[in-house]
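Chain letters run A, B, ... following the sequence lines, proteins first and then strands; every chain starts at 1.
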There are 2 protein chains.
Amino acid sequence: MEKIYCDREQEHEATIQRVKEDVMLSKDVEKISKIFHMLADAGRLKIVLALLKGDMCVYHLTEICGGTQSGVSHQLRVLKDNKIVKSKRLGKNVEYSIADEHIREIVEMGKAHLLCSANQE
Amino acid sequence: MEKIYCDREQEHEATIQRVKEDVMLSKDVEKISKIFHMLADAGRLKIVLALLKGDMCVYHLTEICGGTQSGVSHQLRVLKDNKIVKSKRLGKNVEYSIADEHIREIVEMGKAHLLCSANQE
DNA sequence: GGAAGATATGAATATATGTTCATATCTTCA
DNA sequence: TGAAGATATGAACATATATTCATATCTTCC
């Protein structure tokens, strides 16, 4: 791990500048944080976890995740607006599914983090 | 991908029940969502991105991430409380670093998701 | 010890967002 | 066509949280 010392010498200005550019102060950071924001709510995360097990309709999602039908529907809309899930009407029902398989890996990493930090204590 | 049909037959009750347990309606979901919540704010994500490039003090973090010193300090406290970063005093300065290398992978996944979804459009 | 640098803290505010309730929309089936 | 099932929507509300300002704490150096 590179070390960036705490003085303010000329020598470090270049390093700081380089990191500053790498960190991308642009809209990219906003976009990435938005992805995480989708998984940052327990209600939405439950929905995503359920859909990672299989496509299903709102009725079953409500059954599995708990809460009200309206609440689940609202959360699904947010997830859909942010391209995390997609939907398809099947008769009376609407079947939801994961829109991007990257989500699976991201969630798996989150789980791994939890398990690891649990072991450390 | 397993398909969970939209009827409410007895036959599917078991499947739903199994998924329900897998989805872990317990505190685990809360904990995992909390990890994502830490990365769900652009300000905090900038800090994490910077620290992934190298350990550094608050002064340089403020320089890189922008905003006020107070704001960065508040964000660092949240990150520290949630075990995302750790700190070490070095004279007048306090050097922050990433507390768990899992974070790197999670952030990388977020970046990958962004790049991929950008290509799809 | 006092001054200046570096960081942390607390209160106050504004904003975002999750939740609930009531109701609308869309579909199927009799 | 009307009723019932399934989902979506809008408004209202409560809550969480990011941000700012002022100031306190801690450290080093003279």
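Residue D41(B) places its side chain closer to dA18(D) than to any other of dA11(C), dT19(C), dA18(D). With dG18(C), dA8(D), dT20(D) as the candidates, the nucleotide lying closest to the side chain of R44(A) is dG18(C). With dT9(D), dG10(C), dT27(D) as the candidates, the nucleotide lying closest to the side chain of R89(B) is dT27(D). If you check dA8(D), dT19(D), dG10(D) against the side chain of V58(A), the one that comes closest is dA8(D).
Atom NZ of K88(B) is separated from atom C1' of dC26(D) by 18 Å (rounded to the nearest Å). Between the CG atom of D81(B) and the P atom of dA8(C) there is a distance of 12 Å, rounded to whole Å. Atom NZ of K80(B) is separated from atom C1' of dT9(C) by 13 Å (rounded to the nearest Å). With rounding to whole Å, M56(B) atom CE is found 12 Å from dT7(C) atom P. K34(A) has its NZ atom 12 Å from the C1' atom of dA16(C), to the nearest Å. For the pair Q75(A) CD and dT7(D) P, the computed distance is 15 Å after rounding to whole Å. Between L76(B) atom CG and dT19(D) atom C1' the separation is 15 Å, expressed in whole Å. Spacing between atom CZ of F36(B) and atom P of dT17(D) amounts to 17 Å, rounded to whole angstrom units.
Contact annotation: Y96(B) side-chain N/O to dA8(C) OP1/OP2 distance is under 4.0 Å. Distances shown here put a side-chain N or O of N93(A) below 4.0 Å from the OP1 or OP2 atom of dT7(D). Distances shown here put every side-chain N or O of H37(B) at or beyond 4.0 Å from the OP1 or OP2 atom of dA16(D).
Below 30°, between 30° and 60°, or above 60°: for H113(B) and H102(A) the angle between ring planes is above 60°, a perpendicular geometry.
Counting only distance, with no hydrogens or angles, the side chain of R89(B) and the backbone of G91(B) share a donor-acceptor pair below 3.5 Å. Using modelled atom types, no side-chain atom of N93(A) and backbone atom of E95(A) make a donor-acceptor pair closer than 3.5 Å.
In terms of position along DNA chain D, the nucleotide closest to K92(A) lies nearer the 5' end than the nucleotide closest to the other residue of the pair G43(B) and K92(A).
Residue H74(A) and nucleotide dT19(C) are not classified as a stacked aromatic pair, given the requirement of ring centres less than 5.5 Å apart at an interplanar angle below 30°.
G71(A) comes within contact range of at least one nucleobase, with a heavy-atom separation under 4.0 Å. Among the atoms of the strands shown, base atoms are found under 4.0 Å from some heavy atom of Q69(A).
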Trace of the side chain to side chain contact (heavy atoms under 4.5 Å, CB included) decision for I32(A) with K111(B): CA-CA 6 Å; I32(A) 298 173; K111(B) 281 189 194 176; 3.7 Å; yes
Apply side chain to side chain contact (heavy atoms under 4.5 Å, CB included) to the pair S70(B) and H74(B), showing each step before the final yes or no. CA-CA 6 Å; S70(B) 175; H74(B) 276 297; 3.6 Å; yes
Using side chain to side chain contact (heavy atoms under 4.5 Å, CB included), reason through V85(A) and R44(A) one step at a time and then give a plain yes or no. CA-CA 11 Å; V85(A) 306; R44(A) 282 194 298 267; over 6 Å; no
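For dT9(C), the base has a donor-acceptor partner in the side chain of S70(B) [N/O atoms by modelled type, under 3.5 angstrom]. Counting atom types as modelled, S73(B) pairs no side-chain N or O with a base atom of dT9(C) as donor and acceptor under 3.5 Å. A donor N or O paired with an acceptor N or O is not found under 3.5 Å between the base of dC21(C) and the side-chain atoms of T68(A).
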